[in-house]
Each structure stands twice: as structure tokens, then as C-alpha cells.
Number of protein chains: 2
Amino acid sequence: MRSTSPTGVQASSSSHDEPSFIEAARRAQIIECAIEAIADVGFARATLAEIAKRARVSKGVILYYFDGKDDLIRKVVESVYLIAAEFMLPRLEQQPTVRDTLHAYIESNIAYMAERRIYIIALVEIFGGFRDRDGVSKFRPGGHDYMNSHLVELLQSGQQSGEFRDFNAGAMAFAIRASIDMLPPALANDADFDIKGYAKELVTVFDLATRNQAGAKRKKVSS
Amino acid sequence: MRSTSPTGVQASSSSHDEPSFIEAARRAQIIECAIEAIADVGFARATLAEIAKRARVSKGVILYYFDGKDDLIRKVVESVYLIAAEFMLPRLEQQPTVRDTLHAYIESNIAYMAERRIYIIALVEIFGGFRDRDGVSKFRPGGHDYMNSHLVELLQSGQQSGEFRDFNAGAMAFAIRASIDMLPPALANDADFDIKGYAKELVTVFDLATRNQAGAKRKKVSS
DNA sequence: CTAATATCTGACCGTGCGGTCAACATCTCC
DNA sequence: GGAGATGTTGACCGCACGGTCAGATATTAG
């Protein structure tokens, strides 16, 4: 490994401290196996030994490439967020109205969950089970909060444009995220869950809940 | 303890195997301390030693009254559900319409969470962290499912009475429960959460999402 | 080929868990 | 007041965890 190497000179492939081919491959493999293990047996039982077994290496290899289990878990979360962003963002940018953007938000988020089931299950496992030495301190490195504030802004912009009615944007965002985030446990426990049907119903629910008047005429309530 | 006593004859207080005063008090105390411990330091760190310390007894006492940690946890869940049912059911029965019942369902559920914060936090901790020896098998002894199916029936009866529009009742119930069940973690992490405002917004959201037509005239869409 | 470096293993350690147990303390009733 | 049931303790056990480490093995440079 290069992290503590005394000199900058080492591998042949390049002059600076670019990770070797093996290092990059191993890191990716271990992260992938960690995700599978966590999604498969749960965070508590996803021990280093379990992850190592799935990667067909010894436990020491994991500690060789990562600074302990905490570091590995953080890299796992990083990796999942990165892929999620790559999946969702392009789908949001090309929507003409805020209303369409909200629909795309819900559907692309759920579509990502369907496509990368175990990634999301692993994330939920980590958020639920990854405690620091003291009490309640969880993880959530701005990830959840970031998604939440992004959604709040989206809703508020819809209110300003007049597309949405006058609701509590924070509460609405919370309900939307809750309706999406409770999906992974359901997917884990019920293989027959109608995920596409659920996405469709959710879009309808939050369209009805957010829109400014049905098809009626009055533009603003006085009192 | 009475569970393995060879003869049916024992305590003086009564002729049958009614638990003694001490036994009933200790069981209740230990369950209460377990709830506090789980809500306070999380399921993973709520060890028998931790619970025993809070009850000011030795670890052995817990194993004397409960058949291991699993048994204790099950009794904790039982206890919380019992109290929740006692709190909510009376509030639901006296509602005139299905729509009012749904509103009462949401508001009483959230009110219970606000009143017995640590009970609900403990429940969520248990559901998230209580794994059996093998993989994913969680807990949920019909509790969640029961609440869910009860809600589904409520929604369907509203559709039959014409109060509600024609939505997927399972999906709607899931979204409602998700919007409620995501509350405890938020309450645990954010002491300033506006819980009453959230309850109010939720009622509005799912009123708009479920009701049959806004205030318009057409009673049924042809296509 | 050889030396240096990168990679990898398996044995080992300390810790903290759930659970057991023999012994001790307290209560209860005749 | 003493026998037996009930309640309680603290020492102890086996286990599995995350992590360490000396050294074996592969890879590369010169």
C-alpha cells in the first residue's frame, strides 16, 4: 500500500502515487463484497470475516487497504451515493416544470432502488446499525440531509411558481422521503412487492397533495 | 420463579400460579429499564449488563425472570404494542365517517409517539437491530403487518362508501405508515422537530390524496 | 539473479457479549 | 425457629468480534 510509504517513488506505471491496478481492483472488490454482505446478512452480522470470505481473501487484506471497519463502511456509503447521483441527476435536469421534476424525482429514486436493490438495502442497514462508540450518534454524512434540503428547495420553487399550493415544505419533503425510504425494508422482506405500481401511486398521491387547486378557477384563498 | 417448579403448589397469596408481587414488579421494572436503555444507547449497546445497571440489579436477575435476551425483547415489544392499542383504539371508534377515522388514525398515532417518545424509539431500534441467527429474518411479530392490514381495510371501506377515490389501497397504506414510521428517528435526532405541525400537514396531505374529487361536480370519470 | 517492494496469510490478542452456576439472602408459612 | 420456596449475587465460561503482527509469497526493477 502507498499510504505510509516513506518515498514517493514506487510503482512503475506512473511517477506519482496513483493507486496500482491491484489496489484499485481490490478496493472496488472489497467494497462490492461489503455491500453484498451487509444487504444479505444485515449490518450486525456483516463482520470483517464475512466480507473477507465473500472476497476470497483473508481478513488482513481488508485492514491492509482500509483503516479499519469504520473506514470501509464510509467508503461504501460514498460509493453508493456517487452511483445514485449519477443515476438520478440527469433525469431531473431535463424536466420542463417543477411538477414534472417532482414526478421524475420520485420515479427515478424508486427506479434506482429497483435497479440497485442491494445498494439501497445496504445503505439502510448502515444508517440503522452504524453507531459510534457513544450513544445515538449515527452516520448520515450530510447525505440524507442533503437529499432532504434539495427536495425542500424543489418544493419551495414550485410554490413560488404557483404550481404548488401553500403547504409546509419541510413536512411535505419529509413525507415524500419517508414514503420512498421505507421501501428497501419492504423489498428485502417481500420479493413480490409491486414496486412499479407503488411508484405510480406515489406520484399520484403527491401530485394531488401538492398541486394548487384541482381544475378549479379561484387562484388564491383570501383568508 | 414459577416456570419450572415441579409442583403446582407454592406461594401463599393464591392457590394457582399467579405471579408474586415481587415477580410482577421486577418484570415491569426490567421491561421499563430495557426500553429506556434501548432508546438511550441504541439496540446494539443495550446489553444485559447495561439494562441490569439501570435496574440496579445484577445481570442474573434478568435471566431469572426472562428466558434470555430474546424473550425480554419480545416482552418489550408486546408491552409497547399493548399500550399503543389502549391509546389509539378509543380515539378511532368514535369517529362518524371513514375520512374522520383516517384523520384520527394519523393524529392519534403521532400523538402517541409524542407522548411515549422513548417507547417508539425503542421499537424502531428493535425492528432495525434485532436479527435472528440467520440472515435477514427480523422480528415484526405480526405487529406491523397487523397495523398495516387494519389500515388497508379502513381505506377500502372508505372507497366502498364513496368517500375515497379509486387508489391502490395497499400502496396508500404503505405511504401513510411510512410517513408516520419515519418520525421516531427524526425525533431522536432533532429535539426541535415540529411534531404537531407535521401531524397537521400529514392529515391534509392524505386527505387531498384520498378524497373522491375535490369540490367538483362530476361523480365518476368515464375513461 | 537479486534485492526491494507490494501483497497476502494465519495465528494470535484483548474485549465484551449472552448465558450458567453455586452459593448466599430473604421471605413465608406452620 | 426452621424448612423450603423465592429472590439475588458475582465469579466464571465460551464465543465472536475488530484488530495486530511476523513472516510467507508474489511482483517488479535493475
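Convention: sequence-line order gives letters A, B, ...; per-chain numbering from 1.
- A donor-acceptor contact under 3.5 Å is not formed by the side chain of B:Lys59 with the base of D:dG10.
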Residues B:Tyr112, B:Val80; criterion side-chain contact (heavy atoms from CB on, under 4.5 Å); working and verdict: CA-CA 11 Å; B:Tyr112 173 71; B:Val80 172; 3.8 Å; yes
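- Residue-to-nucleotide proximity on DNA chain D shows that, of B:Gly60 and A:Gly60, the 5′-proximal contact is made by B:Gly60.
- With rounding to whole Å, A:Lys69 atom NZ is found 9 Å from D:dC17 atom C1'.
- Of all nucleotides listed (D:dG18, C:dT9, D:dT9), C:dT9 comes nearest to the side chain of A:Ser58.
- At C:dC8, one or more side-chain N or O atoms of A:Arg26 fall inside 4.0 Å of OP1 or OP2 (strictly under the cut-off).
- Annotation: the span from B:Phe193 atom CZ to B:Leu183 atom CG amounts to 5.0 Å, rounded to 0.5 Å.
- Here B:Tyr64 reaches the OP1 or OP2 of D:dG7: one of its side-chain N or O atoms lies under 4.0 Å away.
- Minimum interatomic distance between B:Ala199 and B:Ile106 (heavy atoms only, all atoms of both residues): O-CG2, 4.4 Å.
- We find that CD1 of A:Ile62 is positioned 16 Å from P of C:dT7, with the value rounded to whole Å.
- Within the 4.0 angstrom heavy-atom criterion, only backbone atoms of the sugar-phosphate kind lie near B:Thr47; the bases stay farther away.
- For the pair B:Phe66 and B:Ile31, the minimum side-chain heavy-atom distance is below 4.5 Å.
- In this structure, B:Tyr65 reaches the D:dT8 phosphate: one of its side-chain N or O atoms is under 4.0 Å from OP1 or OP2.
- The interatomic distance linking A:Glu23 (CD) with D:dT27 (C1') rounds to 15 Å, in whole Å.
- Residue B:Lys53 contributes atom NZ, which lies 15 Å from atom P of D:dT9 at whole-angstrom precision.
- Between A:Glu50 atom CD and D:dG18 atom C1' the separation is 15 Å, expressed in whole Å.
- Judged by closest nucleotide on DNA chain C, B:Ala49 is the one of B:Ala49 and B:Ile22 placed further toward the 5' end.
- With rounding to whole Å, B:Arg56 atom CZ is found 12 Å from D:dT9 atom P.
- Considering only the side chain of B:Leu48, C:dG18 comes nearest among C:dC8, D:dT9, C:dG18.
- Rounded to an integer number of Å, the gap from A:Leu63 CG to C:dA11 P is 17 Å.
- Rounding to whole angstrom units, CZ of residue B:Phe43 and C1' of C:dG16 are separated by 16 Å.
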From CA spacing to verdict: side-chain contact (heavy atoms from CB on, under 4.5 Å), B:Arg116, B:Phe87: CA-CA 10 Å; B:Arg116 303 277 179 139; B:Phe87 184 93; over 6 Å; no
